[in-house]
Amino acid sequence: MGNGMWKQEARDLVEEPSQSNEKLEDQRPQESSSSIPRHVWANRREEKFDYNKYYIKQRADIAKYGGPHPHIILFGRVGLHCYNLQNGTNLQFLTVHNFDSWITSILSHFISLEAMDPVDNSICEFETHVRYAVENKHCLSAITTGGRIKPKIPEEEDTYFGWNKDLVDDFFKGGMPEWMPEDALTGRDKLQYYEMKDSKLEEEKGWLHLYAELALFSKLHAHALESTKPFEMKKIVVRTKENVESKNKVKAENAIFYISFKTRCGQDCNCIIRKTTDGRPGHLSLEVKCFL
């Protein structure tokens with residue numbers, strides 16, 4: 001699935017306590033005619049393990065059994081979103097090719113996926129590293145610490161940097177904020193807030209729906225998400241301290257999104273998404289709090 005950085009990082013970080021293995025089982029689909037066999041989800045950590053052979057077999061199994069677990073797809077899209085934000089691209093997710101998962105204190109995924117550039121309809125293979133943890137039943141954190149278009153010719157090993165929370169703007173640290181005050185758009189801090197217009201909602205609907213889906217994932221099992229879509233976006237307000245034009249607040253590196261939307265089933269939902277970065281390329285954190 002990539003060069004030495006991706007494989008060595010997996011070996012360096014892996015821990016396999018028995019309780020963690022039980023948690024990983026919870027994320028895997030049950031055996032059935034429509035689910036991927038258990039060996040496809042197995043972690044491979046042996047020093048002499050043939051990664052190329054394993055990934056070729058895994059890719060065939062993913063295609064045969066209709067794709068990986070839905071949360072792998074979700075976090076692959078999160079990694080692609082981070083890359084698009086930081087590189088000014090609009091790569092569109094197509095399918096997952098391979099993934100590697102393990103648990104330390106949180107669940108981590110290396111995901112290789114196929115994406116399309118709508119500018120010229122070209123296809124590329126994209127690799128990303130996404131970690132996530134559920135801090136409590138109401139809050140989820142997803143952190144991307146790597147993302148790139150896979151080079152056609154193997155390159156030298158990349159330098160890998162873990163997420164550094166100390167480099168995040170102090171305003172966006174600590175516990176998740178409560179819902180915005182009623183006078184957010186008219187009060188003393190009104191210049192920090194921006195309500196997205198309908199035209200902007202339509203322009204940015206791809207990643208806004210991704211944020212809504214991530215919020216519901218903190219409440220629902222991943223397999224249940226599909227039945228809630230499509231979403232109807234009702235109101236989105238963005239808060240940031242960056243000195244940028246109002247309409248550009250949605251692209252600020254550090255921002256808080258207050259999103260109200262309705263599911264296909266008619267369920268009204270409110271969610272808070274706190275987007276932050278530690279300033280390093282490929283790094284993005286999305287913290288989610290959802291209210292049903």
How are the rings of His221 and His69 set relative to one another: parallel (under 30°), tilted (30 to 60°) or perpendicular (over 60°)?
tilted
Only pairs under 3.5 Å count here: list side-chain donor-acceptor contacts from residues 180-188, not counting sequence neighbours, and write none if there are none.
none

Please list, chain by chain and in numerical order, all residues satisfying ring pair (Phe, Tyr, Trp, His ring centres under 6.0 Å) with Tyr258, sequence neighbours excluded.
Trp179
Would you call the rings of Tyr211 and His81 parallel, tilted or perpendicular, where under 30° means parallel and over 60° means perpendicular?
perpendicular
Sequence neighbours excluded, the answer for ring pair (Phe, Tyr, Trp, His ring centres under 6.0 Å) partners of His97 is none
If the condition is side-chain hydrogen bond (donor to acceptor under 3.5 Å, both in side chains), which residues does Ser122 pass it with, not counting sequence neighbours?
Asp120
Please enumerate all residues that pass side-chain hydrogen bond (donor to acceptor under 3.5 Å, both in side chains) together with Lys262, with sequence neighbours excluded.
none
My understanding is that only residues two or more places apart in sequence, or in another chain, count here; which of them pass side-chain contact (heavy atoms from CB on, under 4.5 Å) with Glu253?
Glu242, Thr277
What pairs with Met176 under side-chain contact (heavy atoms from CB on, under 4.5 Å), at least two apart in sequence or on another chain?
Cys139, Ile272, Arg274, Glu287, Lys289
Partner residues of Lys229 under the side-chain hydrogen bond (donor to acceptor under 3.5 Å, both in side chains) criterion, sequence neighbours left out:
Glu213, Glu226
side-chain contact (heavy atoms from CB on, under 4.5 Å) filter on Lys241, not counting sequence neighbours, yields Phe171, Gln192
d(Phe93 CZ, Leu80 CG) to nearest 0.5 Å is 8.5 Å
side-chain hydrogen bond (donor to acceptor under 3.5 Å, both in side chains) partners of Glu195, counting only residues at least two apart:
none
Phe172: partners by ring pair (Phe, Tyr, Trp, His ring centres under 6.0 Å), with sequence neighbours left out:
none
Sorted by chain and number, sequence neighbours left out, side-chain contact (heavy atoms from CB on, under 4.5 Å) with Leu292 holds for Leu216, Lys219, Gln267, Cys269, Cys290
Looking only at the side chains, is there a donor atom on one of Thr276 and Asn254 sitting less than 3.5 Å from an acceptor on the other?
no
